[in-house]
Structure formats: structure tokens, C-alpha cells
Amino acid sequence: MNTAMAKEPPWMELQEGIWENILQRLGVIEILKTARKVCRKWRQICQEPSMWRVINMRNNGNLTEIGYQLEKICRRAVDRSRGELIDINLQYFGNDKLVQYIAERSGKLKRLSIACCYFKVCESLVEAVQKLPLLEELSLTHTALTIEGIEALGHSCPRLKSFEFNKSLYMGSVDDSDNEDERNEEALAIAKNLPTLHHLHLIGNSMTNKGLQAILDSCPHLVSLDLRLCKYVSLNKVLSSRISGKIKDVKLPHESLEGLEFSFEACWDEDLSDSMSDD
């Protein structure tokens, strides 16, 4: 009778790979704060570096309501990856020190996504990308990047195929400038330094036709191009023909932002939903 009671339930006999698949569906906070404390087997699985090859630190931006220290938790997750991290997503809480910490310990990183960190990681990105030679995808949403950062990407990340630079909320700092050169600085830097791109999203960029022309001339491998909210781009017949003739997936300046996670519409809908739930 005691032997029967001590026998582990059948579901505990699942292969470790299956458990990893199940546990990885939880968030980083849930794994570190709860799942790894459930039983000895789960604790053992949660210590494996393969569990931390992907770190998704999504949150809704209400940082004052979160009882956990997100930066500290993120560092712990990076440490547990033991250099095997290939994909990380930071939202709202990233800063220069954290990005440097990740880059120094994650030489195998292939995808880096940072959202709503504005100017908190601007300086560190220049040095960070120099330590990420295997980087293939960089997504920056409402997160600043300098021209030096774009140049560093070109010099240090030869495998970069996808670059997303979404500024749909604040539209850049030179939108009201009458200087066309200033409006096109980012586009010209991309054209000069990132010729191997296959996917380029420049939502809310300040470039004009001049910047777009440079990108089309210098990035022959593009298969997708997102120009939504690029209000200074005015497509003529020549540009339209070039785009339609070489790029399969194109989103034009006037097209809707529907479906874009961090857009004015999405943030407005979320705020409205929160206010209604409070009532």
C-alpha cells in the first residue's frame, strides 16, 4: 500500500523533451518564480540551458504594478542559458546596462527584439551589436538607434537579414525639419551599411523619395518592405514600378497599421480596454 502511494503519477514519466516543450510555454517569470519549485524533475529541467535559448520578457508596460524586478529576472535567465541564448525579447524595461549584459554573455544570439525602451538603450546598442556576429534579426520598436548603431550593424553583423525600425508613436526627431539630408540620414545609412537585408520595416520613418531610392539601389535582396507612416515618401510611377517589380511583400505609406502590436491604434485600444475594465 505504501509502495503504491509512493509511486509517481504516469505523467511524470514523460520524456524530458516533452516537459521542456510544455514548460517553455510559460513566461520567464512563471518559470523562475513558480514552475521550477513544483517538483525535483521540473527544477532539473528548468536548470538546463536549452530551456533558456529563447527568453520572452513580454509585459503590458504597467511596470509599477509588477512585483518582480524584471531586469534582475532577465539577467538570471541569461545566466541560465550559459551562452546558448539565440532569441530575446525585451519590452518596456530595457536599459543600457542590461543590453550590455546580454551581449557579453550571448555570442550565439540570432534575434534581438526591443520595444518601448525609447532612448534607454540607444548608446549601448552600438557596442552590443559588435559582440553579436551571428545576429540575423533586429527589431526596434519605439526604441532609438543612432547612425553609429546602423554602421556598427553593417560592420559587425554580416548575417543580418531582417531589420525592423518602428517609430509609429513618435515619428522621429527630425520630422519637422526642412533639411532633406537630415530626414534621410537613417535611410542612407541603411543603404550604405546593410545591403544584405531581405526584410526591412521602417514604419514612421522621416525619409523622402531620395532615401527610398538609395535603399532600392543598394539592397537588391529585399523581399519585404514596410513603409507605413513614411509621410514624406511620395511614390511616383518609377518608384512604384521598381518596388512592385522586385519586392513581393510591400506595405505603402498610407496603409493601415491594423495588426501592428505597438502602434497608436493598438496602444489606444489597450488603454481604452483598461479604462473600461476599471469601471
Value rounded to 0.5 Å, distance of [atom1] in [X] from [atom2] in [Y]:
{"X": "I247", "Y": "L225", "atom1": "CD1", "atom2": "CG", "answer": "4.5 Å"}
{"X": "Q69", "Y": "R75", "atom1": "CD", "atom2": "CZ", "answer": "11.0 Å"}
{"X": "I190", "Y": "N184", "atom1": "CD1", "atom2": "CG", "answer": "11.0 Å"}
{"X": "R82", "Y": "R53", "atom1": "CZ", "atom2": "CZ", "answer": "14.0 Å"}
{"X": "D87", "Y": "L109", "atom1": "CG", "atom2": "CG", "answer": "7.5 Å"}
{"X": "H201", "Y": "K167", "atom1": "NE2", "atom2": "NZ", "answer": "15.5 Å"}

| message | Can you confirm whether more than 12 heavy atoms, excluding those of E123, are under 6.0 Å from its CD atom? | response | no

| message | Heavy-atom count check: over 12 atoms from other residues, nucleotides or ligands less than 6.0 Å from K210 NZ? | response | yes

| said: Looking at every non-hydrogen atom in both residues, tell me the closest pair between L200 and L197 and how far apart they are. | reply: CD1-CD1, 4.0 Å

Taking [Y]'s backbone N and O only, do any of them form a donor-acceptor pair with [X]'s side chain (distance below 3.5 Å, no angle check)?
{"X": "N95", "Y": "L98", "answer": "yes"}
{"X": "S244", "Y": "S241", "answer": "yes"}
{"X": "T143", "Y": "C117", "answer": "yes"}
{"X": "S206", "Y": "R183", "answer": "yes"}
{"X": "R111", "Y": "I86", "answer": "no"}
{"X": "R80", "Y": "W52", "answer": "no"}

Any heavy-atom pair between the side chains of [Y] and [X] that's under 4.5 Å?
{"X": "I73", "Y": "F93", "answer": "no"}
{"X": "I114", "Y": "L125", "answer": "yes"}
{"X": "Q91", "Y": "S113", "answer": "no"}
{"X": "D226", "Y": "H199", "answer": "no"}
{"X": "V126", "Y": "Q130", "answer": "yes"}
{"X": "M207", "Y": "L227", "answer": "yes"}
{"X": "I55", "Y": "I102", "answer": "no"}
{"X": "L252", "Y": "V250", "answer": "yes"}

| said: With side chain to side chain contact (heavy atoms under 4.5 Å, CB included) as the criterion, how do S106 and I88 come out once you've worked through the C-alpha distance, each side chain's angles and the decisive distance to 0.1 Å? | reply: CA-CA 10 Å; S106 310; I88 188 166; over 6 Å; no

| said: Could you see if L216 belongs to whatever hydrophobic cluster contains L194? Use Ile, Leu, Val, Met, Phe, Trp, Tyr and a side-chain cutoff under 4.5 Å. | reply: yes

| query | Do V78 and V54 belong to the same hydrophobic cluster, where Ile, Leu, Val, Met, Phe, Trp and Tyr are linked whenever their side-chain heavy atoms lie under 4.5 Å apart, directly or via other members? | reply | no

| query | Is it true that the side chains of N209 and S234 contain a donor and an acceptor less than 3.5 Å apart? | reply | no

| task | Evaluate the side chain to side chain contact (heavy atoms under 4.5 Å, CB included) criterion for residues K108 and L85: first the C-alpha distance (whole Å), next the side-chain angles of each, then the deciding distance (0.1 Å), finally the verdict. | result | CA-CA 6 Å; K108 295 182 181 180; L85 180 65; over 6 Å; no

| field | Verdict with supporting geometry, D249 and S224, side-chain hydrogen bond (donor to acceptor under 3.5 Å, both in side chains) | value | CA-CA 4 Å; D249 181 13; S224 68; 5.0 Å; no

| request: Check each of L202, N205, L212 against V233 using the side-chain contact (heavy atoms from CB on, under 4.5 Å) test, and report the only one that passes. | output: L212

Which pairs would a plain distance check flag for residues 151-162, meaning a side-chain donor or acceptor within less than 3.5 Å of a matching protein atom at least two apart in sequence or in another chain?
| unit_1 | atom_1 | unit_2 | atom_2 | d |
| --- | --- | --- | --- | --- |
| H155 | ND1 | E151 | O | 3.3 |
| S156 | OG | A152 | O | 3.3 |
| K161 | NZ | R159 | O | 3.4 |

| request: Could you list the residues that satisfy ring-ring contact (aromatic ring centres under 6.0 Å, His included) with H221, not counting sequence neighbours? | output: H198

